[in-house]
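Data block below; observations after.
Just follow the structure's listing: the first ligand is 1, and inside any ligand the first atom is 1. Along the sequence shown, the residues carry numbers beginning at 1.
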Amino acid sequence: MREILIRNAEAVVTMDDTRQELASADILVRGGVIAAVGHALHAPNAEVIEASNCVVSPGLVNTHHHLYQTLTRAVPGGQDALLFGWLQRLYPIWSRFGPEEFFVSTQVGLAELLLSGCTTTSDHLYLYPNGSRLEDTIHAANEMGMRFHPTRGAMSIGVSKGGLPPDALVEDEKSILEDMIRVVDAFHDPSEGAMIRVGLAPCSPFSVSRDLMRDAAVLARDKGVMLHTHLAENDEDIAYSLAQFGVRPGQYAEDLGWTGNDVWHAHCVKLNGQEIDLFARSGTGVAHCPCSNCRLGSGIAPVRAMRNVGVKVGLGVDGSASNDAGNLMAETRQTMLLQRVSLGADAMGAREALEIATRGGADVLGRGDCGRLEVGKRADLAIWDISGIEAAGSWDPVAALVFCGPMKARHVLVEGRPVVIDGQVVTIDLPKVIERQNILARRLRD
Ligand SMILES: [Zn+2]
């Protein structure tokens with residue numbers, strides 16, 4: 001079995017149950033798991049990665065993304081719009097996508113995440129124009145060696161029925177449920193160490209019916225998969241919920257079976273105290289997307305209040321049309337800064353932000369086997385070189401990752417396999433993929 005010894009790291013941030021940090025430490029990886037963490041480890045047959053001047057952290061976990069949107073970054077007309085106007089600008093462009101657009105844009109998005117130290121990502125794909133399928137993205141992740149939690153999203157209420165998306169981008173609810181069953185049966189792997197886990201994810205309360213929300217929850221429980229959607233993103237979202245359903249989003253979610261350990265909601269910027277308690281009580285997770293919330297002017301999510309009562313919180317870069325970057329370490333920094341904007345400089349420290357980005361995200365996705373550097377856990381980790389310009393002069397290498405960043409990961413291992421080496425993705429020909437992506441973007445623009 002392949003062995004890799006990461007040797008002499010300046011600091012190893014384990015994110016284990018005691019949040020132990022080790023100085024001048026080694027990590028031994030055997031196959032896909034961590035075999036040892038400690039000092040002066042002996043492994044004569046292992047490949048060696050020298051990590052002096054480096055911090056080693058668990059791989060970051062991204063809990064919310066729309067990878068296909070890397071093809072629509074910085075679109076004029078969508079740059080300065082609020083959420084609903086932004087969507088209306090982009091829907092007609094997305095309706096021209098096909099399988100190749102989804103495959104290539106996913107590769108670009110995954111590569112961008114890997115370079116920022118991310119080893120596991122979920123994806124929320126809720127439109128399937130021109131013969132596209134969820135597996136267009138799964139094939140891209142498999143090829144790159146990234147741990148992937150794709151979700152089969154959906155929209156069913158088009159403009160003619162009072163919804164937001166154009167009718168051409170919505171599907172009928174019977175076909176949606178059939179395809180959900182198909183992709184779970186074909187691709188979902190419930191086992192420990194799984195590289196692919198599929199979730200079910202109607203897009204949002206304003207683009208599907210109550211029936212589909214309820215049916216998807218029943219199906220997810222039947223199949224043992226997780227549920228994901230957008231919730232309480234901004235004031236318009238709350239107003240829509242009150243006007244259409246007569247209840248706030250928390251009540252709406254609870255009524256339809258959308259709370260529990262197997263559910264996580266993106267954004268939750270506007271949850272009130274009662275809803276935060278509901279999430280804590282029920283084990284419902286939150287994907288906090290600070291840059292997207294800033295970009296769309298949605299507000300500051302009450303992450304401090306959520307964490308204080310035990311809500312599971314992870315981070316998400318959100319789609320690349322509303323960020324427009326996919327750098328998860330940048331989100332980690334933004335998470336810390338944004339809580340400070342509303343609550344003061346002691347509202348959140350660098351280590352807590354890093355915990356949310358790693359262990360926190362893994363727990364939101366139901367991956368207790370990831371997000372910590374402990375014997376027996378999956379060997380998903382990032383090695384950060386802190387000898388460069390970003391952290392020069394810093395006094396605390398671990399805090400520097402968040403305060404001084406974002407920096408690029410030097411090496412990234414997923415399931416014990418090096419996928420980023422010396423700051424380069426080694427599993428695909430990235431310059432070629434970027435070239436193809438730019439050709440596709442030009443074609444969509446013309
Ligand atoms: Zn989103």
Side-chain angles (χ1 to χ4, degrees), residues 61-75 78 81-91 93-94 97 102 105-106 109-110 112-113 118 121-128 134 137 148-155 163-165 169 199-208 213 216 226-238 240-241 249 253 258 263-271 284-299 301 303 313-328 330-331 334-335 361 364-365:
V61 176
N62 183 41
T63 59
H64 188 63
H65 207 330
H66 312 286
L67 287 157
Y68 74 91
Q69 293 180 5
T70 59
L71 261 171
T72 48
R73 301 197 221 226
V75 170
L82 298 178
L83 176 66
F84 285 11
W86 170 89
L87 282 169
Q88 282 158 335
R89 167 69 178 114
L90 291 164
Y91 283 142
I93 305 172
W94 295 335
F97 277 43
F102 286 102
S105 57
T106 298
L110 293 177
E112 198 181 6
L113 286 169
C118 174
T121 185
S122 65
D123 187 41
H124 188 183
L125 181 53
Y126 51 82
L127 37 87
Y128 296 86
L134 188 66
T137 64
F148 194 39
H149 283 219
T151 60
R152 206 304 181 182
M155 299 194 292
L164 203 63
L169 273 186
L200 306 184
C203 184
S204 64
F206 54 80
S207 54
V208 301
M213 292 294 287
M226 293 190 71
L227 287 164
H228 180 49
T229 193
H230 296 99
L231 202 78
E233 181 164 353
N234 65 6
D235 289 329
E236 289 172 284
D237 207 347
I238 303 291
Y240 185 91
S241 184
W258 277 76
V263 183
W264 85 105
H265 293 286
H267 301 303
C268 300
V269 173
K270 298 293 178 180
L271 289 191
T284 309
V286 170
H288 173 49
C289 306
C291 288
S292 170
N293 297 159
C294 290
R295 158 77 158 82
L296 292 171
S298 303
V303 172
V313 182
L315 298 188
V317 299
D318 202 1
S320 310
S322 67
N323 186 321
D324 299 340
N327 184 319
L328 199 51
E331 302 297 324
Q334 192 77 355
T335 296
V364 164
L365 295 183

Report task. Tell me whether the centres of the aromatic rings in His66 and Tyr126 are closer together than 6.0 Å. Result -> yes

Query raised in the report: Looking at the rings of His228 and His149, which for Trp means the six-membered one, are their centres under 6.0 Å apart?
Result: no

Between [X] and the Zn ion (ligand 1), is there a contact where an N/O/S atom of the residue lies under 2.8 Å from the metal?
| X | answer |
| --- | --- |
| His230 | yes |
| Cys289 | no |
| His66 | yes |

Query raised in the report: Tell me, which N, O or S atom in Asp318 is closest to the Zn ion (ligand 1)?
Result: OD1

Query raised in the report: Looking only at side chains, do Asn234 and Ser298 share a donor and an acceptor under 3.5 Å apart?
Result: no

Query - side chain to side chain contact (heavy atoms under 4.5 Å, CB included) assessment of Leu127 paired with Phe102 - result: CA-CA 10 Å; Leu127 37 87; Phe102 286 102; 3.8 Å; yes

